[in-house]
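Structure record follows, encoded as structure tokens.
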Amino acid sequence: MADSYEQFKKDVYQLTKIDLNAYKERQMKRRIDALIAKHKIPTYSEYVSVLKTNKELFDEFVNYLTINVSEFYRNPELWKVMEQEIIPVVLEKTKSPKIWSAACSTGDEPYSLVMLLNKFLPLSQIHIIATDIDKQVLDKARMGLYNDKSLKGLPPEYIKKYFTNVNEHNYQINQDVKRCVEFKEHNLLKDAYPSSCDMIVCRNVLIYFTEEAKVDIYRKFNNALRPEGFLFVGSTEQIIQPASLGYKSYRSFFYRKE
């Protein structure tokens, strides 16, 4: 690319409030360069000019930056741990838990949480805060339309109970489940965090951030949790030395605020 990636990062922040400095540079720059090349735009500065005037390309760019790989009940064995060992402990303290699904992507995760919690609580007592930086995926999440590949990890009884089969490969989630989730736009690097959470779920997102950004986010998560609240992370995101960040390891990929 013919001009400065450093200036490009500043321009992108001005346009989107997405701080590219917090992402692993080689990986992110490769993704961006591929996208720009697809549109045959020769320089970063020209691409920025296009983003300012072309909403379709702007939306494509934001969607491309934010990594949206999601499915219901991802890593089913960890959801079994959640059901058997984590939620019962949370419900010992409150029957109306405050749960935050951070970087929720297309909604698979917060809706999975609703369905699991419904084993313990009526839907009327379930409220999940679900946030993501990407407006487009939040719109998809609110729509609640999913293909069968997204549902492959779900227990069959959940599909039968909570979804309507739209056609051969697509399913619509029920309105009663939708009403349990409050979707909001949120930037983990910049925006204020919810407070007094009983559980925070943030999985398979922080692997894309620098070590410094990860530490900052884990500290903010800790501040957002109630004492003895839980943090559930992705299967490639174990926290090294959790005690230094105010956590103790509870089970693999589950941490508890000390």
Side-chain angles (χ1 to χ4, degrees), residues 8-23 28 31-32 35 48 50-72 74 97-114 126-146 150 172-173 175 177-210 213-214 216-225 229 231-234 237:
F8 177 72
K9 289 190 288 186
K10 293 174 186 174
D11 293 337
V12 166
Y13 185 77
Q14 289 297 317
L15 270 178
T16 67
K17 301 305 178 203
I18 296 172
D19 185 3
L20 293 177
N21 288 309
Y23 293 82
M28 185 55 74
R31 286 174 58 82
I32 291 169
L35 181 62
V48 169
V50 171
L51 294 180
K52 288 177 180 177
T53 58
N54 187 317
K55 184 180 184 305
E56 185 178 336
L57 288 190
F58 177 83
D59 288 344
E60 177 197 46
F61 176 65
V62 173
N63 195 43
Y64 198 75
L65 280 191
T66 51
I67 317 293
N68 300 309
V69 179
S70 189
E71 62 187 56
F72 285 84
R74 191 172 188 179
K98 183 175 182 180
I99 298 177
W100 175 23
S101 175
C104 68
S105 189
T106 51
D108 315 44
E109 190 167 82
Y111 289 140
S112 294
L113 286 165
V114 171
I126 299 170
H127 179 241
I128 309 290
I129 301 165
T131 64
D132 202 278
I133 196 172
D134 187 338
K135 291 179 183 177
Q136 285 184 302
V137 299
L138 289 174
D139 287 342
K140 292 176 188 174
R142 292 185 185 102
M143 188 183 303
L145 186 65
Y146 299 95
S150 292
Q172 175 73 57
I173 200 160
Q175 288 295 330
V177 175
K178 278 191 188 182
R179 278 191 280 268
C180 296
V181 183
E182 179 185 5
F183 290 103
K184 298 179 178 178
E185 193 177 346
H186 183 271
N187 184 332
L188 284 170
L189 296 168
K190 177 177 78 72
D191 294 334
Y193 283 30
S195 61
S196 302
C197 296
D198 296 291
M199 185 190 304
I200 297 171
V201 179
C202 184
R203 306 180 67 218
N204 308 303
V205 176
L206 298 193
I207 52 172
Y208 299 104
F209 288 92
T210 62
K214 284 182 198 174
D216 183 50
I217 290 169
Y218 283 136
R219 287 205 171 107
K220 288 178 180 176
F221 281 155
N222 192 271
N223 290 334
L225 286 167
L231 173 64
F232 178 22
V233 302
E237 295 172 325

Open item on the list: Please determine whether the number of non-hydrogen atoms from other residues, nucleotides or ligands lying under 6.0 Å from atom NZ of K135 exceeds 12.
Closed with: no

TODO: Decide yes or no for M143 and D139: does some side-chain heavy atom of the first lie under 4.5 Å from some side-chain heavy atom of the second?
DONE: no

Task: Donor-acceptor contact present, side-chain R74 to main-chain R203, <3.5 Å - done: no

TODO: With sequence neighbours left out, write down each residue that passes side chain to side chain donor-acceptor pair (under 3.5 Å) with N222, or none if nothing qualifies.
DONE: none

Task: Set of residues satisfying side chain to side chain contact (heavy atoms under 4.5 Å, CB included) with respect to D198, sequence neighbours excluded - done: V90, T94, P97, K98, R226

- [ ] Using atom types as modelled and distance alone, determine if a side-chain donor or acceptor of S150 lies under 3.5 Å from a backbone N or O of Y146.
- [x] no

Task: Distance-minimising heavy-atom pair for Y208 and N204 - done: CE1-O, 3.7 Å

Task: Counterpart residues, side chain to side chain contact (heavy atoms under 4.5 Å, CB included), relative to K140 (two or more places apart) - done: N63, T106

Task: Contacts of E185 that satisfy salt bridge (charged side-chain N to carboxylate O under 4.0 Å, His left out) - sequence neighbours left out - done: none

Task: Pairing residues for K184 by the salt bridge (charged side-chain N to carboxylate O under 4.0 Å, His left out) criterion, not counting sequence neighbours - done: E182

Open item on the list: Please give me the minimum heavy-atom distance between L189 and A213, naming the atom from each residue.
Closed with: CD2-CB, 4.1 Å

TODO: Please tell me if the side chains of T131 and I129 come closer than 4.5 Å, counting only heavy atoms from C-beta onward.
DONE: yes

Task: Side chain proximity check, Y218 to V233, heavy atoms < 4.5 angstrom - done: yes

Task: Check: F61 and I32 side chains under 4.5 Å, non-hydrogen atoms - done: yes

TODO: Answer yes or no: is there a donor N or O on one side and an acceptor on the other, between the side chain of E237 and the main chain of G234, under 3.5 Å?
DONE: yes

Open item on the list: D216: which residues meet the side chain to side chain contact (heavy atoms under 4.5 Å, CB included) condition with it, sequence neighbours left out?
Closed with: K220

TODO: Only counting residues at least two apart or in another chain, list the ones meeting side chain to side chain donor-acceptor pair (under 3.5 Å) with N21.
DONE: K9, D19

Open item on the list: Could you go through K190 and Y13, starting from their C-alpha distance and side-chain angles, then the distance that decides it, and tell me whether this counts as side-chain contact (heavy atoms from CB on, under 4.5 Å)?
Closed with: CA-CA 11 Å; K190 177 177 78 72; Y13 185 77; 3.5 Å; yes

Task: Listed partners of Y193 passing ring pair (Phe, Tyr, Trp, His ring centres under 6.0 Å), at least two apart - done: W100, H186, F221

Task: Sequence-distant partners of S101, side chain to side chain donor-acceptor pair (under 3.5 Å), two or more places apart - done: E109

TODO: Indicate the atoms forming the closest heavy-atom contact of Y111 with A141, along with that distance.
DONE: OH-O, 2.7 Å

Open item on the list: Taking side chain to side chain contact (heavy atoms under 4.5 Å, CB included) as the definition, give me every residue that meets it alongside D59, ordered by chain and number, with sequence neighbours left out.
Closed with: K55, Q136

Task: Flag, side chain of K178 to backbone of I173, donor-acceptor distance under 3.5 Å - done: no

- [ ] Please name all residues satisfying salt bridge (charged side-chain N to carboxylate O under 4.0 Å, His left out) with D191, sequence neighbours left out, ordered by chain then number.
- [x] none

Open item on the list: So, using side chain to side chain donor-acceptor pair (under 3.5 Å) as the criterion, who are the partners of R219 when residues are at least two apart?
Closed with: none

